[in-house]
Trainee: 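Encoded as structure tokens, here's the structure I'll be asking about.
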Amino acid sequence: MQEGGELIKLDYGAEEEAFHMNHTKRLQPFERGNHYHGTYEIYYLLNGQRTYFIRDRSYHVLGGDLVFINRHEVHKSSVIGDPRHERIVINFREEFLASSLTLPDVDLMSPFRQKSHVMRLNLRSQMLVNSVMDKLTRELQERRTGWQSAVKLLLAELLLFAVRQAEEADGQPARVDEHPDPVHRKISEVVRYLHAHYSEPLKLETLAAEFYISPYYLSRCFKKVTGFTFIEFLTLTRIREAQLLLRRTDRKVIDIAQAAGFDNIAHFGRTFKKATGLTPGAYRRQKDS
DNA sequence: CATGCTGACTTTGAATTGTG
DNA sequence: CACAATTCAAAGTCAGCATG
């Protein structure tokens, strides 16, 4: 991972903390490897342009766009054209707001559940977001009395803004374009296919045949777009489904393994433990995260 | 750009044995 | 009985290098 060209980097708190903000300006190409986590993420691109892969498609993100990524959603940003860009990333946990702020008339988390992950803002809205970001930065830097409350309130303000913005945009769809690169579109199709068929036996070769491309090419393009290898992605999808079923149902582990696409329990257990650190049974008994 | 080959590496499945 | 761990060979994947 290249680190050159960073001009501003403000980090507050470790990854595990409830709230985390990072403002970075880059001149050199930079790829943050694919990942997913239990925190909500707000990505604000101040200028430049990026490709952002989220869940099953690539977005062409421009300066002034706000991106909302739900917990556990797979995402990865990468270069498109000019590598220079400036961006703010905010991560926070559910409890951060929920534990101290109850707003009965609005659901602040709704922006994370929208159909489109990217919100394109007009200049006026961008100014508003900029000012909230500035205030957040200042609070985090100066840490004056009550700064933690101030951060919560500012985050709530940002989210409330997004909720309203989403409502307005509902009328006139300010659609964010599908990614221009045909390879990205193709891989989006493949990912959607995987999301629909993970419970069946799948291998690269048949998948490639399904989409009329060579397995070699598919393997490479898939990695380039999603940041995951084919197997990594497929396993991730299956494990997450299994986790869901373990949490939400009381079906037997064997059935769940089957439903998630593992036709071999031994292999399922092994893979599950590697991915989550727990055996399926232990995971079910824990029931947090 | 799309593809093919190769060899190192990882994943998978069946059988078996262990645990509560 | 339901689940977990281990072992081992076969099957599958993937990065690097090569090609039209």
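By convention in this document, chain letters (A, B, ...) are assigned in the order of the sequence lines, proteins followed by strands, and residues within each chain are numbered from 1.
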Trainee: Would A:R113 and A:D107 pass as an ion pair if we require N to O under 4.0 Å?
Mentor: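 Judged by the 4.0 Å cut-off on N to carboxylate O distance, A:R113 and A:D107 do form a salt bridge.
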Trainee: Which of the following nucleotides, C:dT6, C:dC14, C:dT7, is nearest to the side chain of A:R270?
Mentor: C:dT7
Trainee: What's the OH-C1' distance between A:Y198 and B:dT11, to the nearest Å?
Mentor: 20 Å
Trainee: Would you say the ring centers of A:H20 and A:H37 fall short of 6.0 Å from each other?
Mentor: no
Trainee: Side chain of A:V253 only, please: which of B:dT11, B:dT3, C:dC3 is the nearest?
Mentor: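 Closest nucleotide among those given: C:dC3.
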Trainee: Are A:R71 and A:E94 within salt-bridge range, i.e. N to O under 4.0 Å?
Mentor: yes
Trainee: Respond yes when some side-chain nitrogen or oxygen of A:T229 is under 4.0 Å from OP1 or OP2 of C:dC14, and no when none is.
Mentor: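 Checking C:dC14 against A:T229, a side-chain N or O does come within under 4.0 Å of OP1 or OP2.
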Trainee: For the aromatic rings, using the six-membered ring if either is Trp, is the centroid distance between A:Y193 and A:F211 under 6.0 Å?
Mentor: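 Between A:F211 and A:Y193, which both carry aromatic rings, the centre distance is below 6.0 Å.
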Trainee: Could you check how far CZ of A:F262 sits from P of C:dA4, rounded to whole Å?
Mentor: 14 Å
Trainee: Has the side chain of A:R285 got a donor or acceptor atom sitting under 3.5 Å from an opposite partner on the base of B:dG20?
Mentor: no
Trainee: Of the listed nucleotides (C:dA5, B:dT6, C:dC3), which one gets closest to any side-chain atom of A:T279?
Mentor: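 Taking heavy atoms from C-beta onward, the closest nucleotide is C:dA5.
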Trainee: Phosphate oxygens OP1/OP2 of C:dA5: is one of them under 4.0 Å from a side-chain N or O of A:K273?
Mentor: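 Yes, A:K273 has a side-chain N/O under 4.0 Å of OP1/OP2 on C:dA5.
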Trainee: Report the distance from atom CZ of A:F268 to atom P of C:dC3, rounded to the nearest whole Å.
Mentor: 10 Å
Trainee: I want to verify a distance call: between B:dG4, C:dC3, B:dT12, whose nearest atom is closest to the A:K252 side chain?
Mentor: C:dC3
Trainee: To the side chain of A:P280, which of C:dT13, C:dC17, C:dA4 is closest?
Mentor: C:dA4
Trainee: Mind checking A:F230 for me? I need base, sugar-phosphate or nothing, with any heavy atom below 4.0 Å counting as a touch.
Mentor: sugar-phosphate
Trainee: Does a nitrogen or oxygen in the side chain of A:K274 sit under 4.0 Å from OP1 or OP2 of B:dT11?
Mentor: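 Checking A:K274 against B:dT11: at least one side-chain N or O falls below 4.0 Å of OP1 or OP2.
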Trainee: Hey, would you say the A:Y43 and A:Y52 ring centroids sit under 6.0 Å apart?
Mentor: yes
Trainee: Starting from P on C:dC14, measure out to CZ on A:F228 and report it in whole angstrom.
Mentor: 13 Å
Trainee: Please find out if less than 6.0 Å separates the ring center of A:H267 from that of A:F272.
Mentor: no
Trainee: Could you tell me the separation between the CG atom of A:L202 and the C1' atom of B:dT12, rounded to a whole number of Å?
Mentor: 14 Å
Trainee: Give the rounded distance in Å between these two atoms: CZ of A:R220 and C1' of C:dT13.
Mentor: 12 Å
Trainee: Rounded to whole Å, how long is the line connecting atom CZ of A:F272 with atom P of B:dT12?
Mentor: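 Value for this atom pair: 15 Å.
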Trainee: Round to the nearest Å and state the distance from A:N264 atom CG to B:dT11 atom C1'.
Mentor: 11 Å
Trainee: NA contact type, A:G269, heavy-atom cut-off 4.0 Å: base, sugar-phosphate, or nothing?
Mentor: nothing
Trainee: Let me know, please, whether A:L204 or A:I265 comes out on the 5' side of the other along DNA chain C by nearest nucleotide.
Mentor: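 Residue closer to the 5' terminus by nearest nucleotide: A:I265.
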Trainee: Report yes if a side-chain nitrogen or oxygen of A:Y216 is closer than 4.0 Å to either non-bridging phosphate oxygen (OP1 or OP2) of C:dC14; otherwise report no.
Mentor: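 Answer no for this pair, as no side-chain N or O of A:Y216 is under 4.0 Å from OP1 or OP2.
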Trainee: Nearest of B:dA14, B:dC5, C:dT13 to any side-chain atom of A:A266?
Mentor: B:dA14
